S.K.: 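This structure is in structure tokens; I'll ask about it shortly.
Not measured: the values here are computed from a predicted model.
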Amino acid sequence: MSTSTQAKRQAFNPAAEIATMERLISKYSVTDIPPTPLSETTGTKLDFASSSPQGVFKPVAFITGTTGNLGSYLLSSLLCSDKVTKLYAFNRRGSGSIRQRHVAALQDKGLDVKVLDDKRLILLEGDLSKDNFGLDPKIYEQLRINVTLFLHVAWPVNWMAPLSQFEQSIHGTSNLIRFAKTSPNASHLRFFFTSSISSCVSFRDDGYITEDALCSPKDALGMGYGQAKYIVDRILANSGLRNASTLRIGQLSGCQNTGVWSPFEWIPVIIRSSVSLGCFPFNPGVRSKRISWQCV
């Protein structure tokens with residue numbers, strides 16, 4: 001073990017980390033806005049089927065991180081179906097135009113770029129941690145009134161970064177939850193946050209992890225990435241949104257149709273590193289003693 005790694009481990013203070021996590025949960029929980037009562041909304045039920053019966057409507061979707069790995073697959077899947085009436089794809093600003101970045105993301109995964117010509121698609125650039133998400137106020141208000149399905153996928157992928165480097169993302173997610181709670185659709189909209197199994201990496205009880213929000217920050221200790229995801233899990237659980245769900249996602253492989261697997265994901269990195277080093281980890285599965293993944 002290197003001297004720098006030993007120093008980092010010695011500097012890690014579980015009690016201090018837990019205190020920081022609880023502080024961030026308290027700081028960014030949106031508990032001051034009650035959900036809109038059902039009687040104040042016009043919608044009754046969201047329908048994800050291919051055809052909508054009378055009295056049921058298809059959602060207007062807002063998806064973040066659609067130039068990323070999972071996000072680009074979700075974008076393609078929804079636009080290849082008729083399950084949404086409109087789709088707002090929200091991403092941070094980057095090099096090149098927003099359309100060029102989407103083209104590159106889809107081509108990289110062997111997906112059809114023609115979906116970007118779908119008239120239901122609106123590409124947006126901004127920053128969730130800023131006022132109005134960095135958008136024109138008119139567009140922001142249009143989103144607030146119309147969106148009925150939130151898929152929050154955007155998140156910086158860095159397994160070595162400390163918790164402090166994820167606070168901007170936590171702040172942005174808090175803003176998105178607040179945005180959803182002020183919507184006239186708040187009582188019936190759906191909100192999904194793509195969390196991670198790393199948010200419960202230190203869960204020690206026997207048996208399977210329940211599908212409820214975990215109450216102990218100890219369950220997430222081990223990496224800043226997972227701790228940040230755990231914090232958002234708790235913030236979402238505290239939000240009072242009626243139809244909010246956290247999805248603890250594990251190791252993702254490629255799509256069933258194309259098989260394209262990002263070379264920067266954990267398992268491909270292990271394989272590539274092993275080829276270079278001429279050896280393979282004895283127990284790459286850590287505590288579970290096995291490696292598993294799921295296709296997109």
S.K.: Considering non-hydrogen atoms only, spot the tightest contact between Leu70 and Thr194 and give its length.
M.R.: CD2-CG2, 4.1 Å
S.K.: Under a 3.5 Å threshold, yes or no: a donor from one side chain and an acceptor from the other, between Asn185 and Thr148?
M.R.: no
S.K.: Under a 4.0 Å threshold between the charged nitrogen and the carboxylate oxygen, would Asp117 count as salt-bridged to Arg99?
M.R.: yes
S.K.: Quick one, Asp118 with Arg120, criterion salt bridge (charged side-chain N to carboxylate O under 4.0 Å, His left out). Give me CA distance, side-chain angles, the key distance, then yes/no.
M.R.: CA-CA 5 Å; Asp118 194 309; Arg120 295 173 297 167; 2.8 Å; yes
S.K.: So, does Ser29 use its side chain to make a donor-acceptor pair with the main chain of Ser26 at under 3.5 Å?
M.R.: no
S.K.: When you check the side-chain N and O atoms of Thr64 and Asn91, is any donor under 3.5 Å from an acceptor?
M.R.: no
S.K.: Please check this pair: side chain of Gln100 against backbone of Ser97, looking for a donor-acceptor N/O pair closer than 3.5 Å.
M.R.: yes
S.K.: Do the side chains of Arg190 and Phe150 get nearer than 4.5 Å, heavy atoms only?
M.R.: no
S.K.: Can you check whether Leu124 reaches Ile122 side chain to side chain, under 4.5 Å on heavy atoms?
M.R.: yes
S.K.: Show the nearest heavy-atom pair for residues Lys181 and Thr31, with the distance to one decimal.
M.R.: NZ-CA, 4.5 Å
S.K.: What's the spacing between Leu151 CG and Ser245 OG if we round to 0.5 Å?
M.R.: 10.5 Å
S.K.: Could you check whether any side-chain N or O of Ser72 sits under 3.5 Å from a backbone N or O of Leu106, counting only pairs where one atom can act as donor and the other as acceptor?
M.R.: no
S.K.: Do Lys138 and Asp136 sit within salt-bridge range, that is, some charged N less than 4.0 Å from a carboxylate O?
M.R.: no
S.K.: Can you check side chain to side chain contact (heavy atoms under 4.5 Å, CB included) on Ile63 and Phe90, steps first, answer last?
M.R.: CA-CA 6 Å; Ile63 309 181; Phe90 183 92; over 6 Å; no
S.K.: Is there side-chain contact between Asp127 and Arg93, with at least one heavy-atom pair below 4.5 Å?
M.R.: no
S.K.: Please round to the nearest 0.5 Å and tell me the distance separating atom CG of Leu111 and atom CG of Leu79.
M.R.: 11.0 Å
S.K.: Using the side chain to side chain contact (heavy atoms under 4.5 Å, CB included) rule, take Tyr88 and Val60 through it: C-alpha gap first, then chi angles, then the decisive distance, then the call.
M.R.: CA-CA 8 Å; Tyr88 294 94; Val60 173; 3.7 Å; yes
S.K.: Please check if the side chain of Lys58 supplies one atom and the backbone of Asp82 the other of a donor-acceptor pair under 3.5 Å.
M.R.: yes
S.K.: Would you confirm whether Ser274, through its side chain, and Cys279, through its main-chain N or O, come within 3.5 Å as a donor-acceptor pair?
M.R.: yes
S.K.: Any donor-acceptor pair under 3.5 Å linking the side chain of Asn146 with the backbone of Gln142?
M.R.: yes
S.K.: Any carboxylate oxygen within less than 4.0 angstrom of a Lys/Arg side-chain nitrogen, looking at Asp32 and Arg178?
M.R.: yes
S.K.: If you measure from CG on Leu221 to CE on Met21, what distance do you get to the nearest 0.5 Å?
M.R.: 6.0 Å
S.K.: Just so I know, are the side chains of Thr66 and Val153 near enough to count as touching, which here means a heavy-atom distance under 4.5 Å?
M.R.: no
S.K.: Can you check whether Pro137's main-chain N or O pairs, donor with acceptor, with Asn132's side chain at less than 3.5 Å?
M.R.: no
S.K.: Do Tyr28 and Ile33 belong together in a cluster built from hydrophobic side chains that touch within less than 4.5 Å?
M.R.: yes
S.K.: Is a donor from one side chain sitting under 3.5 angstrom from an acceptor on the other, for Thr173 and His152?
M.R.: yes
S.K.: Keeping Ser77 on the side-chain end and Tyr73 on the backbone end, is there a donor-acceptor pair under 3.5 Å?
M.R.: no
S.K.: Can you tell me how far OG of Ser76 sits from NZ of Lys109, rounded to the nearest 0.5 angstrom?
M.R.: 10.5 Å
S.K.: Rounded to the nearest 0.5 Å, how far apart are CG of Leu247 and CG of Asp233?
M.R.: 9.5 Å
S.K.: Check whether Phe179 and Ile145 end up in the same hydrophobic cluster, where Ile, Leu, Val, Met, Phe, Trp and Tyr are linked by side-chain heavy atoms less than 4.5 Å apart.
M.R.: no
S.K.: Should the pair Tyr225 and Phe166 be assigned to parallel (<30°), tilted (30 to 60°) or perpendicular (>60°) ring geometry?
M.R.: perpendicular
S.K.: Closest approach of Leu241 and Ala186, non-hydrogen atoms and distance?
M.R.: CD2-O, 4.3 Å
S.K.: Flag the pair Tyr230 / Ile25 as yes when at least one side-chain heavy-atom distance between them is below 4.5 Å, and no otherwise.
M.R.: yes
S.K.: Can you find a heavy atom in the side chain of Leu78 that is under 4.5 Å from one in the side chain of Val115?
M.R.: no
S.K.: Would you indicate whether the side-chain heavy atoms of Pro217 and Arg234 approach each other to under 4.5 Å?
M.R.: yes
S.K.: Quick check: closest heavy atoms across Ser129 and His171, and the distance to 0.1 Å?
M.R.: O-CE1, 3.5 Å
S.K.: Please determine whether side chain to side chain contact (heavy atoms under 4.5 Å, CB included) holds for the pair Glu17 and Gln227, giving the CA-CA distance in whole Å, both sets of side-chain angles, and the decisive distance to 0.1 Å.
M.R.: CA-CA 9 Å; Glu17 288 293 307; Gln227 290 170 228; 2.8 Å; yes
S.K.: Mind checking whether Phe193 and Trp155 have parallel, tilted or perpendicular rings, split at 30° and 60°?
M.R.: perpendicular
S.K.: Does the separation of the ring centres of Tyr140 and Phe133 fall below 6.0 angstrom?
M.R.: yes
S.K.: Kindly say whether Ile170 contributes a backbone atom to a donor-acceptor pair with the side chain of Ser174 at under 3.5 angstrom?
M.R.: no
S.K.: Compare every heavy atom of Ser239 with every heavy atom of Leu236, then report the nearest pair and how far apart it is.
M.R.: O-OG, 2.7 Å
S.K.: Assess whether a salt bridge exists between Lys27 and Glu22, defined as any Lys/Arg side-chain N lying under 4.0 Å from an Asp/Glu carboxylate O.
M.R.: no
S.K.: Regarding Arg144 and Glu141, does a basic nitrogen lie under 4.0 Å from an acidic carboxylate oxygen?
M.R.: yes
S.K.: Rounded to the nearest 0.5 Å, what separates atom CD1 in Ile231 from atom CG in Leu24?
M.R.: 4.5 Å
S.K.: For the residue pair Ala89 and His102, what are the closest heavy atoms and their distance?
M.R.: CB-NE2, 4.2 Å
S.K.: Determine, step by step, whether Leu149 and Leu189 satisfy the side chain to side chain contact (heavy atoms under 4.5 Å, CB included) criterion, reporting the C-alpha distance in whole Å, the side-chain angles of both residues, the deciding distance to 0.1 Å, and the verdict.
M.R.: CA-CA 6 Å; Leu149 170 63; Leu189 62 79; over 6 Å; no
S.K.: Any heavy-atom pair between the side chains of Phe191 and Leu176 that's under 4.5 Å?
M.R.: yes
